[in-house]
Amino acid sequence: MSRSHLIDRLLAGLPAEAVLTDPDVTVSYAHDMASFCPAGTPAVVVLPRTVEQVQHVMRTATGLRVPVVPQGARTGLSGGANAADDCVVLSLTKMDRIIEIDPVDRIAVVEPGVVNATLTRAVNEHGLHYPPDPSSWEMCTIGGNIGTAAGGLCCVKYGVTAEYVLGLDVVLADGRLLSTGRRTAKGVAGYDLTRLFVGSEGSLGIVVRAVLALKPRPPRQLVLAAEFASAGAACDAVCRIMAGGHAPSLLELMDRTTVRAVNDLAHMGLPESTEALLLAAFDTPDPAADLAAVGALCEAAGATQVVPADDTAESELLLQARRLSLNALEAVKGTTMIDDVCVPRTRLGDLLDGVERIAGKYGLTIGVCAHAGDGNTHPTVCFDAADPDEARRARESFDEIMALGLELGGTITGEHGVGVLKKEWLARELGPVGLEMQRAVKQLFDPLGILNPGKLF
């Protein structure tokens, strides 16, 4: 099959401006933001605007046996959107309509290219809220969030993307359109195919429309910062807060390496004497009282200083420090590998201690920021990609962190997905029977193996 024949077939059902063929342009769609993940050279990039156009792409791909790699904004961190050689890159960013916002049923119906922050602001105008808020929320798309089952800072109270996807329209590998799920608050008819697609990284079908659950817009949150002389004490505070029945809207941790990196990048004046900084937030009717109760628990766990914010402006400043963490760590050496290990909250301290040992063993800077309230940590390995030995040590340390996470009863990814980066680790986590069942599901939905090949397993 020649490239020109593929392009001619695509143009038979797509406008010319939706088909990109210039190699200098298509190469920019080759990969997401992950390190150490191989990417191929796409044959063509298509940017459909309608469901029918997506169906045409998939019928063409099936007829010609051409691999298809679906993409959103390419902000992923696992290589899940990386191109395969001679593939069709199917970029869904032009399908960016918010079709409906229903304040009575508290749902939004959207296309996959809608940017997370755009949806949040739109529903806020109706007194509603879409809680999932990945750190890249100003850029990432709802389709990408669904593909990776993305999380964010608010997961400790509100949960991850999967808990807000009620129904989907999905174009299957052969071009058929499948509708799953519901628009209603309740619904348990048949197998939950909707949940099957959430987190499938585009390997089972192309999401072209989503029905999303919304919440009432909460009050503005207030944030507390607690400084600790050890990471273990901060993790003890997390356990006390959760065991005490509190429901923070955010419970985040930054280790000393991360705090110093943020100060170096943004000169925010965070306390560099700290070994761990814990941020807790509440969006309750009386957040000051909740912060006072949590502050007392932090002090009981050994906090050396507890500072509740007086207003939303001060709270936003503290949250900005957390949001800058990954950019700050990247500035340390120029390249990062961002891990995504999630462990039971009770083992959070063990993971942080283990990461510190691993950093010493390999002679590397590894900073940890974490969604501490749900045990989801992001150990971030900083290295010079131009130094082959340092790059090797970075990859080996990354693998040791994942092994440690599994050893502590955790999982290799809480929100970033598997993609290319963690394929071998997915097999270890699932075990042989689990892997066999997952592959059987893939075979059912994609018998030719053309959907996002080389990802997951």
With no hydrogens and no angle check, is any side-chain donor or acceptor of [X] less than 3.5 Å from a backbone partner on [Y]?
X      : Y      : value
Asp85  : Thr41  : yes
Ser249 : Ala281 : yes
Gln221 : Phe282 : no
Thr161 : Ala150 : yes
His56  : Arg9   : yes
Gln438 : Leu435 : no
Ser35  : Thr336 : yes
Ser315 : Val223 : yes
Glu390 : Asp384 : yes
Arg345 : Gly375 : no

Using a strict 4.0 Å threshold on nitrogen-to-oxygen distance, state whether [X] and [Y] make a salt bridge.
X      : Y      : answer
Lys422 : Glu429 : no
Arg395 : Asp399 : yes
Glu252 : Arg322 : yes
Arg121 : Glu125 : no
Asp389 : Arg393 : yes
Asp283 : Lys157 : yes

Side chain to side chain donor-acceptor pair (under 3.5 Å) partner of Asp340, the single match among Thr377, Thr148, Asn376
Asn376
Please examine the side chains of [Y] and [X], heavy atoms only from C-beta on, and report whether any two atoms are closer than 4.5 Å.
X      : Y      : value
Asp133 : Thr120 : no
Ile107 : Leu212 : no
Trp425 : Leu406 : yes
Asp174 : Leu448 : no
Asp169 : Leu177 : yes
Val262 : Ser325 : yes
Leu326 : Thr380 : yes
Met58  : Ile450 : yes

One pair to check against side-chain contact (heavy atoms from CB on, under 4.5 Å): Asp255 and Thr258. What are the steps and the verdict?
CA-CA 5 Å; Asp255 73 352; Thr258 305; 2.8 Å; yes
For the residue pair [X] and [Y], what are the closest heavy atoms and their distance?
X      : Y      : value
Ala34  : Ser78  : CB-N, 3.6 Å
Gly40  : Ala30  : O-CB, 3.8 Å
Pro42  : Ala83  : CD-CB, 4.0 Å
Val156 : Leu251 : CG1-N, 4.0 Å
Leu92  : Pro48  : CD2-CG, 4.3 Å

Can you tell which of Leu329, Asp339, Ile338, Val368 makes a side chain to side chain contact (heavy atoms under 4.5 Å, CB included) with His378?
Ile338
Is it the case that the side chains of Asn145 and Asn116 hold a donor-acceptor pair, with the cut-off being a distance below 3.5 Å and no angle test?
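Side chains of Asn116 and Asn145: pair found under 3.5 Å.
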Do Ser203 and Asn452 pair up side chain to side chain, a donor and an acceptor below 3.5 Å, judged on atom types alone?
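There is no such pair (donor and acceptor under 3.5 Å, judged by atom type) between the side chains of Ser203 and Asn452.
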Just verifying a value: how many Å separate [X] [atom1] and [Y] [atom2], rounded to the nearest 0.5 Å?
X      : Y      : atom1 : atom2 : answer
Thr413 : Leu426 : OG1   : CG    : 9.5 Å
Lys442 : Ser200 : NZ    : OG    : 8.5 Å
Ile142 : Asp96  : CD1   : CG    : 12.0 Å
Leu278 : Ile241 : CG    : CD1   : 5.5 Å
Arg182 : Leu166 : CZ    : CG    : 5.0 Å
Gln55  : Gln53  : CD    : CD    : 10.5 Å

Please determine whether side-chain contact (heavy atoms from CB on, under 4.5 Å) holds for the pair Leu6 and Leu64, giving the CA-CA distance in whole Å, both sets of side-chain angles, and the decisive distance to 0.1 Å.
CA-CA 8 Å; Leu6 168 63; Leu64 298 178; 3.9 Å; yes
Applying side-chain contact (heavy atoms from CB on, under 4.5 Å), run through Leu204 and Leu196 and close with a yes or a no.
CA-CA 9 Å; Leu204 301 179; Leu196 185 62; 4.0 Å; yes
Classify the ring geometry between Tyr130 and Tyr164 as parallel (under 30°), tilted (30 to 60°) or perpendicular (over 60°).
perpendicular
Neighbour count >12 (heavy atoms, 6.0 Å) for atom [atom1], [X]:
X      : atom1 : answer
Arg220 : CZ    : no
Glu356 : CD    : no
Arg428 : CZ    : yes

Quick one: salt bridge (Lys or Arg N to Asp or Glu O under 4.0 Å) partners of [X], sequence neighbours excluded?
X      : result
Glu400 : Lys361
Asp350 : Arg347
Glu100 : Arg183

Can you list the steps and then say if Arg49 with Glu17 is a salt bridge (Lys or Arg N to Asp or Glu O under 4.0 Å)?
CA-CA 11 Å; Arg49 291 183 179 270; Glu17 65 270 16; 6.0 Å; no
Hey, do the aromatic rings of Tyr362 and Phe398 have their centres closer than 6.0 Å?
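No, ring centres 6.0 Å or more apart.
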Looking only at the aromatic ring of each residue, does the gap between the centers of Phe383 and Phe36 stay below 6.0 angstrom?
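For Phe36 and Phe383, the ring centres are under 6.0 Å apart.
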Audit row: Gln71, Ser91, side chain to side chain donor-acceptor pair (under 3.5 Å) steps and yes/no
CA-CA 5 Å; Gln71 290 182 349; Ser91 174; 5.1 Å; no
Audit row: Val89, Val44, side-chain contact (heavy atoms from CB on, under 4.5 Å) steps and yes/no
CA-CA 6 Å; Val89 164; Val44 61; over 6 Å; no
Check step by step if salt bridge (Lys or Arg N to Asp or Glu O under 4.0 Å) holds for Lys455 and Glu201.
CA-CA 8 Å; Lys455 314 298 167 50; Glu201 302 185 31; over 6 Å; no
